[in-house]
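Below you'll find the structure, written out as structure tokens, and then a few comments.
Quick note: numbers below take in every heavy atom, side chains included, and nothing from hydrogens, waters or symmetry partners.
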Amino acid sequence: MKWILTITCMVIMVLTSLLFCTSPTPKMPDTAETLGEHLFFDTILSINKKFSCASCHKPGLSFADSVDFSPGAFGKKGRRNTPSAMNVSAQTHFFWDGRATTLEEQALMPIANPDEMALPIDSAIKRLQADENYVRLFKSIFNEAPSSKTLAIALAKFENSMETPSPFDDWRINDNENALSASAKRGFTIFSNKGKCIKCHFGPDFNNVEFRNIGLFDGIKLNDSGRADFTHLASDVGKFKIGPLRNIALTAPYMHNGMFKTLRAVIDYYNDPDKVVPNPINRDTLLS
């Protein structure tokens, strides 16, 4: 009987520890960057408080999404593929049409977009100002109550922090020959020479400041005018931002409309674009 009593006491002690132990309190934001991270994952910035930045920019997918068009707060799908929110510190334009030129400007647009988080910025600020915790955090970090300016700064600081080095950097920058496999090195040779990929994809994140029409506009089935929606220039019809290639294996599907589900499909398109889009409008001569 004694051993039964002992075991019973041990079980009670274990169950008690499981029921009444407390998890470590998460560290509260104490910098603009950590405040931005907190806001990025908080549904307070969507109209129905059910949607956050991370609903489309998923951490496990390099802060991109796995569908062609992500649904917004009301379930309505957006009109362009969700780009990665990582490795943006060297970028000079944001969104596929480049309508934002700073991260601070970019950070507020999805919040107010009726197809995304659908919350007017002034309403978002009122919510934050009515939240005692956020008021305390903003005053501690910015010495003022929440505002559109400080909200944009915090979100931008977090996005700026998400830079991912790779074995490729170790190989090219540090001359570490063991950092990259032989097949990857052969791939880079093709990428740089025969494939001509590097004509558009170069620089620290394998993109550049240009906008290109790669032939995914025909005015019929493919009728997203791209940068022309913003500039209203005929020469910009069908042009889109050249997407960075870091973490590309995690960010399928590809292109502004997510029409290619695999990297193989992307390569096949570039090998023979007319086979996929027979009558493109305004396609760059680089692909002709």
Between Y134 and L128, is the side-chain contact (heavy atoms from CB on, under 4.5 Å) condition met? List the steps.
CA-CA 6 Å; Y134 271 123; L128 294 175; 3.6 Å; yes
Side chain to side chain donor-acceptor pair (under 3.5 Å) between S62 and N247: does it pass, once the steps are laid out?
CA-CA 7 Å; S62 187; N247 300 324; 3.1 Å; yes
Using side-chain contact (heavy atoms from CB on, under 4.5 Å), reason through Y254 and M259 one step at a time and then give a plain yes or no.
CA-CA 6 Å; Y254 305 104; M259 66 183 289; over 6 Å; no
Worked verdict on D170 versus N176 for side chain to side chain donor-acceptor pair (under 3.5 Å)
CA-CA 6 Å; D170 196 17; N176 181 2; 2.8 Å; yes
Stepwise, does the side chain to side chain donor-acceptor pair (under 3.5 Å) test hold for N207 with Q91?
CA-CA 9 Å; N207 74 324; Q91 305 302 308; 2.7 Å; yes
Audit row: E163, S89, side chain to side chain donor-acceptor pair (under 3.5 Å) steps and yes/no:
CA-CA 8 Å; E163 296 293 305; S89 64; 3.1 Å; yes
Could you walk me through whether L61 and S66 pass side-chain contact (heavy atoms from CB on, under 4.5 Å), step by step?
CA-CA 7 Å; L61 300 173; S66 59; 3.7 Å; yes
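Criterion: ILVMFWY side-chain heavy atoms under 4.5 Å apart, direct or through other members. Under it, L222 and V266 are part of a common hydrophobic cluster. Residues Y269 and I190 are members of separate hydrophobic clusters, defined by side-chain heavy-atom contacts under 4.5 angstrom among Ile, Leu, Val, Met, Phe, Trp and Tyr. I242 and F202 sit in two unconnected hydrophobic clusters of ILVMFWY residues. Membership requires side-chain heavy atoms under 4.5 Å apart, directly or through other members.
Electrostatic pairing of D131 and R136 does not count as a salt bridge here, judged by no charged N lying under 4.0 Å from a carboxylate O. Look at K275 and D268 and you find no salt bridge, because none of the NZ, NE, NH1 or NH2 atoms lies under 4.0 Å from a carboxylate O. Look at D68 and R79 and you find no salt bridge, because none of the NZ, NE, NH1 or NH2 atoms lies under 4.0 Å from a carboxylate O. Comment: R212 does not engage D236 in a salt bridge, judged by the lack of any side-chain N to carboxylate O separation of less than 4.0 angstrom. Of the charged side-chain nitrogens involved, none lies within less than 4.0 Å of a carboxylate oxygen, so that K239 and E210 do not count as a salt-bridged pair. Contact check on D115 versus K76 returns a salt bridge, with a Lys/Arg side-chain nitrogen under 4.0 Å from an Asp/Glu carboxylate oxygen.
Atom CD in E159 sits 7.0 Å away from atom NE2 in H57 (nearest 0.5 Å). Remark: I248 CD1 to L263 CG distance equals 6.0 Å, nearest 0.5 Å. Interatomic distance, W96 CH2 to F211 CZ, rounded to the nearest 0.5 Å: 11.0 Å. Once rounded to the nearest 0.5 Å, the distance linking CG of N282 with CG of D218 reads 12.5 Å.
Taking each heavy atom of A124 and L45 in turn, the nearest pair found is CB-CD2, 4.2 Å.
Remark: K196 fails to qualify as a cation-pi partner of Y270 under the 6.0 Å distance and 45° angle criteria applied to the six-membered ring. Annotation: cation-pi pair R99/F230 absent, no NZ/CZ under 6.0 Å from the ring centroid and within 45° of its normal.
Summarising the local packing, NZ of K139 is surrounded by 12 or fewer heavy atoms from other residues, nucleotides or ligands at distances under 6.0 Å.
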